[in-house]
Asks: 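Right, I'll just put the structure down here and ask away after.
Letters go in sequence order (proteins before strands), and every chain restarts at 1. A quick note: this is a predicted structure, and the numbers were derived from the prediction, not measured.
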Amino acid sequence: MQTAGVSTPREIHIERKTFRGADGTPVVAVEGLHLVLPPGSLTALIGPSGCGKTTTLRIVAGLDTDFEGRIVLPPDPRIGFVFQEPRLLPWRTVEQNVRLVLDRPDDADPGPLLESLGIADMRGRFPTELSLGLARRVSIARALVIRPDLLLLDEPSASLDEATAGRLRALILQVWSDYRPTTLLVTHNIREALTLADRLVLLAPRPGRVVGEVILDRPQPQRDDTWIEATRADLVRRFPGTVA
Amino acid sequence: MTSARASRHTGWIGLLVSAASLIAVWSLAAFIADSRLLPAPWTVFGLMTAEIASGELLHHLGITLARVIAAFSSAMLIGSAIGIAMGRSRAVNAALDVWLVVLLNVPALVIIILAYVWFGLNEAAAIGAVALNKLPNVIVTVREGARALDPDLDQMAKAFRLSWKKRLFDVVLPQLQPYLAAAARSGLSLVWKIVLVVELLGRSNGIGFQLNLYFQLFDVGSILAYALSFVLVMLAIEILILQPLETRANRWRVHTA
């Protein structure tokens, strides 16, 4: 079951995005950010805070239209957004939260998706009963259930302990290989990017701009800790200040 | 579960104790006064059953209740819509703010008299006047709620391109629920009090009309019988409709503690 527009690339061209500072002077947040996302790819935007990562995601999702540039997406794009905070409706159950975003909620069965994310037996629970890690899995299910033309992941393992974060990354990788959505991941965690992405785009702060691009052609399942550590060390040497 | 049941149990006991003490104080006062102007509870109760048996009381009660429901629901519906609009849009708020302040401060009686003078002594004028009295109250409360809506959830709804129906019923209204409940609570009691005034001034049926009649006859017993019967109806609405609705709406909160 392929989704419409699956073969067209998604393009992001942000010439310039400015904010008004506290004293009214314009501050350039992002400048000259050009990205072409091939269908089914997973691109990671990496950089320290203040390099406009989240701003970029908001622009791509259509939440911020006040910028110079253009975003190329299939017509009527379905965008699955996994926010940093899960942003679930506390008054709806897990299953209702996932079904909420479907056009005809009775059409699709979110069962298999909940199953593969390990939250199938929590369908009837309310988000207030879930830990952050579980709530984030629900938010990932909600983003995937619409078969998104573009999946946006904003720091998916932020504020989780290392063990939980590792488990969540493995799950993300699992569902990503199952569904193959074109994905843009934003993170400041280089290990996370090296675990999940097939391409890294490195950003420098103030204004956010691209300083390097790295293709990771080793298949994700073959990336062990040694490889990740070696690649990280190499990147730290090549891009000091951007990668930590 | 056990503690919830236990607290409900204590709630019932508290209710019975306060009702019993009210009747006791009333009986004592009636005994000391020993006057036609302060009949004892059982006298009033007797009058009430007689009026119910004759069909009089239920007839007027039904008419008053219908007016209360009509005025209350139109005030809640229109007030919520305006309140949400004022809470979400600065322009709408600026445009309507003066109207709101004026409406908040015009005495109920003035609105009722003007409605009757301008639109005649008819049902629409009566219900409209009551609704208009309650309206600003609903607007102010719901506006407060609309201002406090979570921008994160709003962005989520936007990113997933949710339809306006889903935004309203799944995202916005559940957030406004405590404000709507507060407006409904204070609204119901306010509305029925004003309905009595409207009936007294310009209608030929309903509890307010009957109260006026018995006032002219100086029949305090019947006045109390009619007033109390409506208090009981309001109490029933509170316990049988409003409280279960609220418990249902708050199901998800139970788990947070």
Asks: Chain A contacts: which residues in residues 141-160 of chain B have a non-hydrogen atom closer than 4.5 Å to it?
Replies: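 Interface residues of residues 141-160 of chain B: B:D152, B:L153, B:Q155, B:M156, B:K158, B:A159, B:F160.
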Asks: Salt bridge check, A:D64 against A:K17: does any charged N sit closer than 4.0 Å to a carboxylate O?
Replies: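 Looking at A:K17 and A:D64, the cut-off is met.
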Asks: Counting only non-hydrogen atoms closer than 4.5 Å, does A:E85 touch chain B with its backbone (N, CA, C, O), its side chain (CB onward), both, or neither?
Replies: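 Just its side chain gets close to chain B.
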Asks: Any ion pair linking A:R209 and A:E31 (charged N to carboxylate O, less than 4.0 Å)?
Replies: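 Looking at A:E31 and A:R209, the cut-off is not met.
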Asks: Quick one: what part of A:L152 sits under 4.5 Å from any heavy atom of chain B, side chain, backbone, both or neither?
Replies: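 For A:L152, no heavy atom lies under 4.5 Å from chain B.
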Asks: Checking A:I79 against chain B: side chain, backbone, both or neither under 4.5 Å from a heavy atom?
Replies: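 Both backbone and side chain.
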Asks: Assess the side chains of A:S157 and A:R169: does a donor N or O sit below 3.5 Å from an acceptor N or O?
Replies: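 Judged by distance alone, the side chains do pair up.
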Asks: Which atoms of A:P77 are under 4.5 Å from chain B, going by heavy atoms: the side chain, the backbone, both sets, or neither?
Replies: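 A:P77 touches chain B through backbone and side-chain heavy atoms alike.
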Asks: Could you go through B:W192 and B:T64, starting from their C-alpha distance and side-chain angles, then the distance that decides it, and tell me whether this counts as side chain to side chain donor-acceptor pair (under 3.5 Å)?
Replies: CA-CA 8 Å; B:W192 99 263; B:T64 298; over 6 Å; no
Asks: Measure the shortest side-chain to side-chain distance between A:R137 and A:L134 over non-hydrogen atoms and say whether it is less than 4.5 angstrom.
Replies: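 They are in contact (side-chain heavy atoms under 4.5 Å apart), so the answer is yes.
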Asks: Relative to chain B, which segment of A:R92 carries a heavy atom at a distance below 4.5 Å: side chain, backbone, both, or neither?
Replies: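 The side chain, not the backbone.
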Asks: Is A:F81 close to chain B through its backbone or its side chain, or both, or neither, when contacts mean heavy atoms under 4.5 Å?
Replies: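 Backbone plus side chain of A:F81, per the 4.5 Å heavy-atom cut-off to chain B.
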Asks: Hey, is B:E123 close enough to B:R67 for a salt bridge, meaning N to O under 4.0 Å?
Replies: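 Salt bridge present between B:E123 and B:R67.
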Asks: Distance from B:L61 atom CG to B:Y226 atom OH, nearest 0.5 Å?
Replies: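 Interatomic distance, B:L61 CG to B:Y226 OH, rounded to 0.5 Å: 9.0 Å.
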Asks: What part of A:R58 is in contact with chain B, defined as an atom under 4.5 angstrom from a non-hydrogen atom: side chain, backbone, both or neither?
Replies: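 Only the side chain of A:R58 comes within 4.5 Å of chain B.
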Asks: Does the distance from a Lys or Arg side-chain N to an Asp or Glu carboxylate O, for B:E246 and B:R185, drop under 4.0 Å?
Replies: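 Yes, charged N to carboxylate O under 4.0 Å.
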Asks: We want to know whether A:T187 and A:N189 form a side-chain donor-acceptor pair, criterion being a heavy-atom distance below 3.5 angstrom.
Replies: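 A:T187 vs A:N189: no donor-acceptor pair found between side chains.
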Asks: Would you mind checking which part of B:Q175 comes under 4.5 Å of any heavy atom in chain A, side chain (CB onward), backbone (N, CA, C, O), both or neither?
Replies: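 Contact with chain A involves both backbone and side-chain atoms of B:Q175.
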Asks: Between the side chains of A:H13 and A:E11, is a donor N or O closer than 3.5 angstrom to an acceptor N or O?
Replies: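 Yes - a donor-acceptor pair under 3.5 Å links their side chains.
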Asks: Hey, which of A:G80, A:A61, A:P90 has the most heavy atom pairs under 4.5 Å with chain B?
Replies: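 Ranked by contacts with chain B, first place is A:P90.
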